[in-house]
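Below is one structure, written out as structure tokens; comments come after it.
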Amino acid sequence: MLYQVKKLVKKFGNTSVLKNINLEIEENEKIVIIGPSGSGKSTLLRCLNLLEKPTSGSIYYHGHRLDDKLYKSIQGKIGMVFQNYQLFDNLTVIDNLTLAPVLNKLMSKEEAISKARRYLRQIHLEDKENSYPMDLSGGQKQRVAIIRSLMMNPEVILFDEPTSALDPEMIGEVLSLILEVSREKITMIVVTHELNFAQEFATRVIFMDHGKIIEEGDKEQMFKHPRTNRLQQFLSNIQ
Amino acid sequence: MGEIWDSFYQTFIFEDRYLYFLEGIKFTLIIAFFSILLGLILGVFISIVRDFHKQTGKWFLLSKICDIYVYVIRGTPTLLQLMILYYVIFKTSTLSPIIVGILTFGINSGAYVAEIFRAGYDGIDKGQREASKTLGLNYLKTMRYIIFPQALAKIFPALGNEIITLVKETSIAGYVGIVELIKAADIISSRTYDYFFPLIIAAIVYLLLTFILSKVMKYGERKLNHVVSG
């Protein structure tokens, strides 16, 4: 088992954002987390790589308790793709891709560059390797951000609303890259509002509301035969 | 016309008085250069200590010491700091007044530089640090390759201001007997009882210095500009 989340609680001040989350994630699962804004989806995702420190409860990664020490030792094996891309503004595309794997001694500079170029060809941005992020469109930035996380040979990639900041005409190119990546043996957890994408991508769908997991199951069950009122309501509201 | 020539002659040529100016310019340049250097080194170091504490919670004591240093330096006049260093702390030492001047202005500038860099780090989207963390980069690498270069580009104009302020502030070094530019002008005018040329010359030299500095800073700003995306 890759992740085991037990009785996870996260509070910001007096507000409970996550209330007693229990969750198990197997290797190679493709999970989509849906739910209204403020339901705690992103916070749950950010707890899975300790960008947020759980208030109580515990998270196990490969059976070991995930703390700062463990997180440090797995160096970039839990990748993340952010809503606002977060490419490094001061570095060119190629440097964005090669910086971390080289500094972490995952590969030599030459290996990193040739690997980065392979990925850039795959996303048809080979002519952008010396561009700075400010010269890329939102869709291009997000695709570079996705291959940047792939450069680290991750076991998991967490996607935090990867298309929410994009202009509508760029959403497709990013989602289809995520689908392409999903053929690899990488566990992927995606917080999104794109239900059509979820239909195609997910092996499991999790529905959250008010800091709790309300319902989870395969996409067939979740989208065609939702059991809870809240999920039924949520689905009818956004379709 | 004859009067002006006479004044010029008395100020510069008689008894080789221009040598005082050259000496003054030399010491102003030496003090300015080394205190800018010291100020930058101190300021960057202090800003990183405080930021490290802020990000990780470690190094509490060292960070507090830095806080106090910045607070004290910014809360007292530079002239007073110079006098304390010269007349109290280094009273019995044989340290050259020039060194005391460099120490004073460097330590003084360090506090302001630290604040400027702090504003720079704080102005960077915290997502940049998060992205770096998820890629397995530790604090120092994140600082070195991502945060510092971006901050530097953003604060460059403010840093330029600080450097120019510092250069002008070195003019108070005359108080402790250092013959920098203003002191040189003062010495000569006290002999000739004619203030016009000495002071005008001092002003022109300062203007020239700050003009060159601001050109250099502008050049640096342009070089770094691609980093600042908006």
Side-chain angles (χ1 to χ4, degrees), chain A residues 42 45-46 48-53 68 71-92 95-106 112 130-136 141 144-154 156-160 165, chain B residues 44 47-48 51-60 116-159 217 219-230:
Chain A
S42 288
L45 204 66
R46 290 166 58 84
L48 292 179
N49 61 1
L50 298 186
L51 286 185
E52 302 292 349
K53 296 270 147 58
D68 285 331
Y71 185 81
K72 245 177 218 157
S73 72
I74 58 173
Q75 280 198 336
K77 287 286 166 273
I78 308 177
M80 188 172 220
V81 173
F82 296 82
Q83 186 176 336
N84 298 318
Y85 333 120
Q86 299 301 350
L87 293 181
F88 303 129
D89 295 333
N90 57 317
L91 300 178
T92 59
D95 288 343
N96 261 281
L97 295 172
T98 56
L99 179 75
V102 173
L103 286 181
N104 285 320
K105 301 196 167 64
L106 231 58
N130 293 317
S131 301
Y132 284 91
M134 66 185 291
D135 299 320
L136 303 181
K141 282 186 209 176
V144 172
I146 291 169
I147 62 171
R148 183 177 65 177
S149 70
L150 288 172
M151 289 291 295
M152 299 295 293
N153 305 324
V156 196
I157 305 179
L158 310 170
F159 294 81
D160 189 5
Chain B
V44 167
S47 69
I48 290 177
D51 184 69
F52 181 73
H53 173 67
K54 188 178 165 190
Q55 300 298 328
T56 65
K58 294 174 193 164
W59 289 9
F60 174 82
I116 291 170
F117 271 97
R118 182 174 72 128
Y121 308 148
D122 290 353
I124 289 162
D125 189 338
K126 80 178 190 357
Q128 295 275 303
R129 290 182 196 268
E130 291 182 347
S132 179
K133 186 183 170 191
T134 65
L135 290 164
L137 299 180
N138 61 21
Y139 176 85
L140 219 57
K141 285 174 182 157
T142 302
M143 190 47 138
R144 156 87 176 77
Y145 292 99
I146 294 150
I147 305 299
F148 189 83
Q150 292 186 38
L152 185 64
K154 288 196 173 160
I155 62 163
F156 218 67
L159 210 55
M217 293 308 280
Y219 175 79
E221 220 174 294
R222 269 203 308 277
K223 281 266 155 191
L224 286 167
N225 217 18
H226 65 257
V227 171
V228 192
S229 59

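In the text below, chain A, chain B and the rest are named by the order of the sequence lines, each starting its count at 1.
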Quiz prompt | A:Leu99 side chain near B:Ile146 side chain, heavy-atom distance below 4.5 Å | solution =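 Counting from C-beta outward, A:Leu99 and B:Ile146 do come under 4.5 Å.
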
Quiz prompt | Heavy-atom side-chain proximity of B:Ile147 to A:Phe88 below 4.5 angstrom | solution =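 No; the side chains remain at least 4.5 Å from each other.
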
Practice problem: Please name the pair of heavy atoms, one in A:Asn90 and one in B:Gln150, separated by the smallest distance, quoted to 0.1 Å. | Solution: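 Result for this residue pair: OD1-NE2, 3.1 Å.
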
Quiz prompt | Contacts of B:Tyr145 that satisfy side-chain hydrogen bond (donor to acceptor under 3.5 Å, both in side chains) - sequence neighbours left out | solution =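 Residues passing side-chain hydrogen bond (donor to acceptor under 3.5 Å, both in side chains) with B:Tyr145: none at all.
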
Is it the backbone or the side chain of [X] that comes under 4.5 Å from a heavy atom of chain B, or both, or neither?
X	result
A:Ile78	backbone
A:Leu87	backbone
A:Arg46	side chain
A:Met80	both
A:Tyr71	side chain

Using 0.5 Å steps for rounding, measure from the [atom1] atom of [X] to the [atom2] atom of [Y].
X	Y	atom1	atom2	result
B:Asn138	A:Lys72	CG	NZ	7.5 Å
B:Leu137	A:Asn104	CG	CG	5.5 Å
A:Leu51	B:Glu130	CG	CD	4.5 Å
A:Asp89	B:Lys154	CG	NZ	7.0 Å
A:Lys77	B:Leu135	NZ	CG	11.0 Å

Quiz item: Is it the backbone or the side chain of B:Lys133 that comes under 4.5 Å from a heavy atom of chain A, or both, or neither?
Solution: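 Both the backbone and the side chain of B:Lys133 come within 4.5 Å of chain A.
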
